Number of protein chains: 2
Amino acid sequence: MDRYIDHIRRFNRAITLRMGTLDDSFLNLGRPFGEARLLYEIGPDGAEIRDLRARMGLDSGYVSRLLRALERQGLIETTPSESDGRVRVARLTAAGRAVYADVDRAGDTFAHDVLAPLKAEERERLVSAMDEVEKLMRGFAVRIGPEPAGGADAQTCLKDYFNEIAARFDDGFDPAVGLATGIDDMTPPKGLFLMARLDGKPVGCGAILAEPGGVAHLRRMWVAPEVRGIGLGRRLLEALEGEAAKLGLETIRLETNKALTEAQGMYRRAGYTEVAPFNDEHYADHWFEKRIDHHVAPASPV
Amino acid sequence: MDRYIDHIRRFNRAITLRMGTLDDSFLNLGRPFGEARLLYEIGPDGAEIRDLRARMGLDSGYVSRLLRALERQGLIETTPSESDGRVRVARLTAAGRAVYADVDRAGDTFAHDVLAPLKAEERERLVSAMDEVEKLMRGFAVRIGPEPAGGADAQTCLKDYFNEIAARFDDGFDPAVGLATGIDDMTPPKGLFLMARLDGKPVGCGAILAEPGGVAHLRRMWVAPEVRGIGLGRRLLEALEGEAAKLGLETIRLETNKALTEAQGMYRRAGYTEVAPFNDEHYADHWFEKRIDHHVAPASPV
DNA sequence: ATAATTATCTGACTTTAGTCAGATAAATGC
DNA sequence: GCATTTATCTGACTAAAGTCAGATAATTAT
């Protein structure tokens, strides 16, 4: 483990130094770093101010002042949102888009400078190593936590999940045919909805429903295709088991379709055993069950 | 090329987000970032102030003030250097070492968190991909430029070079036996000394001596072992040729030992042809020469 | 309909980061 | 031995970054 840690620390040190030159180019546009960053975050499609605030983790007064400065320079304009009169939407003007393009170009220049001293074969190796690092570091950046099942992102996740199983199940999927699971079933006290986010973007979900007899019924577990293969399914499952344990439940069970072979493998590896059908879910071919272990600490902090 | 650029930009974006959490931990020690960084740079072994200034690229007044602040907090103490009364050396006190350990731990924690969600085989892949990225990005960070041949770093470089060839040449190496090349020979107007630096650390050197008949005599070219295999030799050679061209010289020539096979390969690939001996350098087995092309732009900006 | 909440803004601050122009003392060049 | 250079320090700045306490208007909850 120590050997790995040394490698990672060396990498961090080197990369921080390299990225420093990128930050400099951000600064060398003759504009304060904060302004440039905000302008870049607004982006060509515009953004809601509350969203910017959340994404960048900044004080509302500070953001407001930065926006006013950008407005004075004629780089952005703000208009009230159509759906909610309190929120304002910031959008780049033509001049703002020009500055955005400059900032964007700084990234290109950096990439170009990195590639410049390399031969074709080395470039190939560099980008594939970068992809590997990025992919393997994704797992660390994923944050799992309870969220309202009725939220917009939760609904998007569930929709993506439905679309995927509709494509994979032999006979498609229609939520109206399957066992109903409403938003309130996945909301305390009846249940709980967990979401996994990568840099704020939803990349997975899962729910447990508290049922009579100390049973946690696991449903709607899904991992986005772009983050598969990094153990996120296992972590989500552990997190759901941890939540079930916190609720004092004793057994966790679930049903799954025969098309989802990799999911079945994961359940078995996680200690689930196949049991006789415990419900009549139309789309289910296999039923699994596991005793919840209350003696072991719940999943590592997520 | 565009494909590569996209990969690099994606990598930058992802890594910047990940590293953000590392910077935060730097900050969350309840101390200004600049102070924490300086303290960390001083390190457990202490450092000369002029060195800190050069390494971090900061104003002397600013560094002085930061040091005073750290001193007031009882984290460091400064003493004049033994060898040069103008230079001061900063050293951590016991309290300072404790804070250093905290900052250091933040790096460990980060590394640990990155590794936590990975399986053994994935950890292996992550660190080797990191090493690959780090190595291939080194080339971009190397800066080549003229420096005084008499400077401390230049002398260190030359000493490393002498040690290496002493070990590799069949009959060792003694500078007193070889053709003399003094500091002033490598100093304008008689010649020029180039040094390659990676993050400020010297990693290569080379000199040209202006000789009668429009000849640039190339000597003392060396690349540190830790940065070999990334095309630095070729870049140094190009930079030296560029300097020779700027001086209006017409021919570049050099001699080399038979033990340095990879150097000979590089010279040939760069368009040098083997010629009859043009001097009686004791350690030389091969002599090379190349016409300097004044029509082509000098090497890409270094 | 009224109260509580949410999103944004403004004014009045503080802290951090960084620059610039000397002053001083030690070392070096000639 | 005297002029120059080098390393550091201090004082006097400025700009950027960020915080905090309200004020206001729109929306949601009851």
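Here is the naming used below: chain letters follow the sequence lines, and residue numbers restart at 1 for every chain. Here the structure is a predicted model, which is why all the values come from computation and not from measurement.
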Legend entry - Side-chain (Arg143(A)) to main-chain (Phe140(A)) donor-acceptor, under 3.5 angstrom: yes
Legend entry - Gap between atoms CZ and P, on Arg50(A) and dT6(C) respectively (whole Å): 11 Å
Inset, instruction - Mark yes when over 12 heavy atoms from residues, nucleotides or ligands other than Arg13(B) sit less than 6.0 Å from its CZ; otherwise mark no. - result: no
Inset, instruction - Determine: side-chain N/O of Arg31(B) to OP1/OP2 of dT16(C), distance under 4.0 Å, yes or no. - result: no
Inset, instruction - Report yes if some heavy atom in the side chain of Arg31(B) is under 4.5 Å from a heavy atom in the side chain of Val99(B); otherwise report no. - result: yes
Inset, instruction - Taking only the side-chain heavy atoms of Asp59(A) (C-beta and beyond), determine which of dC20(C), dC9(C), dC20(D) contains the nearest atom. - result: dC20(D)
Legend entry - Within residues 60-69 of chain A: residues closer than 4.0 Å to DNA chain D (heavy atoms): Tyr62(A), Arg65(A)
Inset, instruction - Select one nucleotide: of dT28(C), dC9(D), dT16(C), the one nearest the side-chain heavy atoms of Pro32(B). - result: dT16(C)
Inset, instruction - Just compare dT5(D), dT8(C), dA26(D) and give me whichever is closest to any side-chain atom of Arg86(B). - result: dT5(D)
Legend entry - Between dC9(C) (P) and Glu48(A) (CD): distance, integer Å: 13 Å
Inset, instruction - Return the 5'-most residue of the pair Val87(B), Glu35(A) with respect to DNA chain D, ranking by each residue's nearest nucleotide. - result: Val87(B)
Legend entry - Between the first and last five pairs of the helix from dA1(C)-dT30(D) to dC30(C)-dG1(D), the angle of the axes, rounded to 10 degrees: 30°
Legend entry - Electrostatic pair Glu134(A):Arg138(A) at N-O distance under 4.0 angstrom: yes
